[in-house]
Protein chains: 2
Amino acid sequence: MDMHENSPHGDVAALFGRLVRESLPGRRGEGAWRALLQAQATLMRQLDTDLRDNTGLRLADFDVLAQLAEAGGRLRMTDLAARTLLSRSGLTRRVARLVDEGLVRRANAPGDGRGVVVALTDAGVARVTETVPVHLQGVSKLFVERLDDQELALLESALRKVIVDCTFG
Amino acid sequence: MDMHENSPHGDVAALFGRLVRESLPGRRGEGAWRALLQAQATLMRQLDTDLRDNTGLRLADFDVLAQLAEAGGRLRMTDLAARTLLSRSGLTRRVARLVDEGLVRRANAPGDGRGVVVALTDAGVARVTETVPVHLQGVSKLFVERLDDQELALLESALRKVIVDCTFG
DNA sequence: CAGAGGTGCTTGCGATTGCAAGTACCTATG
DNA sequence: CATAGGTACTTGCAATCGCAAGCACCTCTG
């Protein structure tokens with residue numbers, strides 16, 4: 001019998017479902033995987049637009065400033081790239097933009113003529129100081145508050161297990 | 001006392017930590033949040049490069065084909081954009097590329113002169129059919145296999161709670 | 001059935017990205 | 001101390017993205 005679903009080939013959805021069940025027995029993990037994709041995509045998007053609207057800083061730039069602040073104010077380019085999950089070339093340009101805005105300063109690394117140290121300027125410290133609460137309130141409202149302690153603990157331990165050790169850039 | 005950490009201002013890291021504790025009491029949820037960011041970023045990156053290497057298809061393109069397959073082979077542009085978490089303009093261009101590759105076909109929507117229906121071609125069905133197992137094996141190896149049933153269930157239910165309802169594009 | 005406003009999609013544009021190649025510097029070897 | 005090879009970072013390039021504006025079509029109202 002042909003099920004006139006889609007003229008030439010049979011029921012594509014059924015074929016697709018069969019393939020999924022072959023690779024993921026019982027479709028195990030499929031729901032969790034989809035939830036991960038959707039949660040991350042929508043959360044990041046919402047946080048980015050909220051942060052932009054409320055502080056004028058995009059999330060990616062804030063991340064650079066926050067990583068610097070957490071590290072005491074200064075980091076080597078390569079370290080900073082690793083922490084921000086950014087490629088090194090991507091970081092070069094991002095830092096250049098932040099330098100233009102006066103939030104960050106570049107200096108030669110002491111004892112290594114190749115290296116560059118990125119440091120927060122006073123303006124950068126001020127900016128990150130006023131931005132952190134806004135960002136974390138977003139994280140709190142959209143993420144932390146919606147989960148209880150047990151869920152947060154399990155989420156953390158489970159997600160840690162699936163972090164891939166891959167270098168970026 | 002001044003702690004010569006960073007010439008003009010005091011200890012930025014301590015200030016930063018204080019701000020975090022103020023917005024996230026007890027730093028509750030911080031670990032889970034970081035694990036989410038890192039897991040998603042590294043997983044997606046690894047899956048994309050693996051899929052590229054093994055099938056020549058980039059993950060974003062595969063996602064379009066897979067969504068089409070799951071929906072029975074054809075979808076309206078707007079529906080497809082929503083499912084792939086892509087902006088509508090982004091989808092327009094992505095579909096154009098897939099049309100060039102012969103994996104997908106465009107047609108006018110019946111009964112609505114504005115609408116466009118995207119449909120898998122036979123080549124597209126073949127391509128997605130051979131790619132699905134490769135992709136799902138990656139998902140399985142990097143994600144599903146590393147977690148037990150309980151973890152997967154809790155991950156799914158927890159992540160569903162933090163999905164934001166925001167339109168893309 | 002005319003016109004206002006909404007919807008579906010595409011295009012102009014500016015911004016951003018990663019890769020690969022290039023430059024500058026460091027270090028180990030003989 | 002010369003040179004080969006590695007590391008740190010930057011830049012040329014081509015690709016991609018989202019926003020905002022634009023176009024075409026639909027639908028509701030009077």
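Note on naming: letters A, B, ... go to the chains in the order of the sequence lines (proteins, then strands), and numbering restarts at 1 for each one.
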### Task
Using whole Å, report how far CG of B:Leu85 lies from C1' of D:dG18.
15 Å

### Task
Among residues two or more places apart or on two chains, list those pairs meeting salt bridge (charged side-chain N to carboxylate O under 4.0 Å, His left out) that have a residue in residues 13-26 of chain B.
none

### Message
From CE of A:Met77 over to P of C:dT23, roughly how many Å is that when rounded to an integer?
### Response
19 Å

### Query
What's the CG-P distance between B:Asp48 and D:dT16, to the nearest Å?
12 Å

## Note on the structure
The salt bridge (charged side-chain N to carboxylate O under 4.0 Å, His left out) partners of B:Arg106 (sequence neighbours excluded) come to none

### Message
Is there a side-chain contact between A:Thr78 and the phosphate of D:dC9, meaning an N or O under 4.0 Å from OP1 or OP2?
### Response
yes

### Query
Is B:Glu70 salt-bridged to A:Arg34, cutoff N-O under 4.0 Å?
yes

#### Entry: Partners meeting side chain to side chain donor-acceptor pair (under 3.5 Å) with A:Arg97 (sequence neighbours left out)
none

Check: protein-nucleotides 25-28 of chain D nitrogen or oxygen pairs below 3.5 Å:
unit_1: D:dC26; atom_1: OP1; unit_2: B:Gly113; atom_2: N; d: 2.8

### Query
Within this structure, what is the CG-to-P distance between B:Asp61 and D:dA15, rounded to whole angstrom?
14 Å

### Task
Mind calculating the distance between CG (A:Asn108) and C1' (C:dC26) to the nearest angstrom?
14 Å

## Note on the structure
Out of D:dC19, C:dG18, C:dG8, minimum distance to the side chain of B:Arg45 belongs to C:dG18

### Task
Go through the steps for A:Arg76 and A:Asp79 under the test salt bridge (charged side-chain N to carboxylate O under 4.0 Å, His left out), then give the verdict.
CA-CA 5 Å; A:Arg76 287 284 291 263; A:Asp79 288 347; over 6 Å; no

### Task
Verify, without hydrogens or angle tests, whether A:Glu151 (side chain) and A:Asp148 (backbone) share a donor-acceptor contact under 3.5 angstrom.
yes

### Task
Kindly point out which of D:dA8, C:dT10, C:dA20 is positioned nearest to the side chain of A:Ser89?
C:dA20

#### Entry: Side-chain N,O (A:Arg58) to OP1/OP2 (C:dT16) below 4.0 Å
yes

### Set of salt bridge (charged side-chain N to carboxylate O under 4.0 Å, His left out) partners for A:Arg93, sequence neighbours left out
none

### Query
Could you state the CG-P distance from B:Leu59 to D:dA15, rounded to the nearest angstrom?
20 Å

#### Entry: Residue list, side chain to side chain donor-acceptor pair (under 3.5 Å) with A:Asp149, at least two apart or on another chain
B:Arg28

### Query
Can you tell me how far P of C:dA24 sits from CZ of A:Arg88, to the nearest Å?
17 Å

### Query
For residues 90-99 of chain B, which residues have at least one heavy atom under 4.0 Å from DNA chain D?
B:Gly90, B:Arg93, B:Arg94, B:Arg97

### Query
How would you list, by chain and number, every residue that makes a side chain to side chain donor-acceptor pair (under 3.5 Å) with A:Gln46, sequence neighbours excluded?
A:Asp50

### Message
Whole angstroms only, please: what is the CZ-P distance between B:Arg76 and C:dT10?
### Response
11 Å

### Query
Taking only residues at least two apart or on different chains, which pairs with a member in residues 127-142 of chain B satisfy side chain to side chain donor-acceptor pair (under 3.5 Å)?
none

### Message
For A:Arg146, give me all partners under salt bridge (charged side-chain N to carboxylate O under 4.0 Å, His left out), at least two apart in sequence or on another chain.
### Response
none

### Divergence of helical axes at both termini of the helix from C:dC1-D:dG30 to C:dG30-D:dC1 - five pairs an end, 10° steps
20°

### Task
Would you please name every residue forming a ring pair (Phe, Tyr, Trp, His ring centres under 6.0 Å) with B:Phe143, sequence neighbours left out?
A:Trp33

